[in-house]
Colleague: 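What follows is a single structure, and I will ask about it in a moment.
Residue numbering restarts at 1 for every chain, and letters A, B, ... go by the order of the sequence lines.
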There are 2 protein chains.
Amino acid sequence: MIKNDQPKDKIIDVARKLFASRGFEATTTRMINKAAGISEGALYYHFPHGKQEILDTIVQQGIESRVSLLTVSLTNSTTVTGIETQMMTLFDQLWQAFQSETSYQSFIITIRERMLLSDEQSHWLIDAIQQIQARLSQAFQNIEKLALNDSQAADNLAMIVMSIFQKVLYDELLIKNQRRLSADVRERVRQQIHFLLAPIQTTTN
Amino acid sequence: MIKNDQPKDKIIDVARKLFASRGFEATTTRMINKAAGISEGALYYHFPHGKQEILDTIVQQGIESRVSLLTVSLTNSTTVTGIETQMMTLFDQLWQAFQSETSYQSFIITIRERMLLSDEQSHWLIDAIQQIQARLSQAFQNIEKLALNDSQAADNLAMIVMSIFQKVLYDELLIKNQRRLSADVRERVRQQIHFLLAPIQTTTN
DNA sequence: GTCTATACTGGGATAGAC
DNA sequence: GTCTATCCCAGTATAGAC
């Protein structure tokens, strides 16, 4: 990661880490100052409105960087070969996207400090998932060998796939506090995807 | 709801509400005292270890009351008639279970104050979902008219159904902060369930 | 068992020198 | 632009009367 050593960026960086691990309220400005290696007064030069302004900035950056989530690639192949494999690749990439320190911390903060944020500030999470879902639906429609009747069906399929992925992300990151993807969990995802795709994969057509 | 007016229960009740709406750290003991109609000292008579002890008690009650989540009924009918309807009833009941003030608040607190809780304290959420899932899987196996090859398939189906439900719960309650179930959201769930069950519902057999 | 009063600490924020 | 020093307030917790 680029460690920008502009003091302002340094403050944001250490604050994000602290907010994610201890929570916003439990993090004192003194902790931030100490971790950033600056003094009491300096913080208020960069953020005149104090701690809340730092939080807003962090979340704002999270919103902007949701684009990075969207870099997950969907090989728009029209062949049915290995759709399961493609889905697992998508899952791995999605998981990977949430693994970067910054993304992970922004995610945790957005959920945990929800009550301090506006609807707009928190919605980026849903939006990001939804955008991937839309692209996924489109990809499904492009695969001719899938027995999908209409675009509605492709939408449903994409929604279900994303639900499977999202449940795992939330359970592991939010509740279990588990940042390593266990082989076990991944295998369970694979089986669900397999089960889901089996009936609509057709060798005819 | 039974409003037990034992002071200790009253404290827990108002604290749960405050923790859920403002967060643990942002809630002061003074707020709790005022809301509970008691004085500074009284709180420490009932909870010698202060605020953290109140939090632990609340979460403990959440763990115990997860049983209430499990009252969701699964009509173990062996007929295929209206499996979709049954699934939607299950969904409605699950949603309803999270609608009760106490369950909802325990849920929010368990997620948002995760870092103050032990693994055991937070795991009740996953456990509750998993138990419903296990019963759902069993129910699927009892329905002869479903074209499920083995118990593995029933497990996968149950997992997927629960993922669909859980995604909605998390998105609506945690991110959107939306406690009313919109007809729109519910309809989307219904369509996914329909899409999911369609290929394995068989008229033969 | 509940009250009032208060001790003590540490929080956010600012003033003003450099 | 960054520092030190400090203000003021609010937080948790306790002591001791009733």
Colleague: Should we count CZ of B/Arg22 as having more than 12 external heavy atoms under 6.0 Å?
Modeller: no
Colleague: Which salt bridge (charged side-chain N to carboxylate O under 4.0 Å, His left out) pairs, counting each pair once, include a residue from residues 167-176 of chain A, with sequence neighbours left out?
Modeller: A/Lys167-A/Asp171, A/Glu172-A/Lys176
Colleague: Round to the nearest Å and state the distance from A/Lys34 atom NZ to C/dG11 atom P.
Modeller: 12 Å
Colleague: How many angstroms lie between atom CD of A/Gln131 and atom CD1 of A/Ile126, to the nearest 0.5 angstrom?
Modeller: 12.5 Å
Colleague: Any salt bridge linking B/Lys51 with B/Asp56? Criterion: basic side-chain nitrogen under 4.0 Å from a carboxylate oxygen.
Modeller: no
Colleague: Go along nucleotides 1-14 of chain D 5' to 3' and tag each nucleotide: B for a protein heavy atom under 4.0 Å from its base, S when only backbone or sugar atoms are that close, - otherwise.
Modeller: SBBBB-----BBBB
Colleague: Whether A/Lys10 and A/Asp13 form a salt bridge (side-chain N of Lys/Arg under 4.0 Å from carboxylate O of Asp/Glu) is what I want to check.
Modeller: no
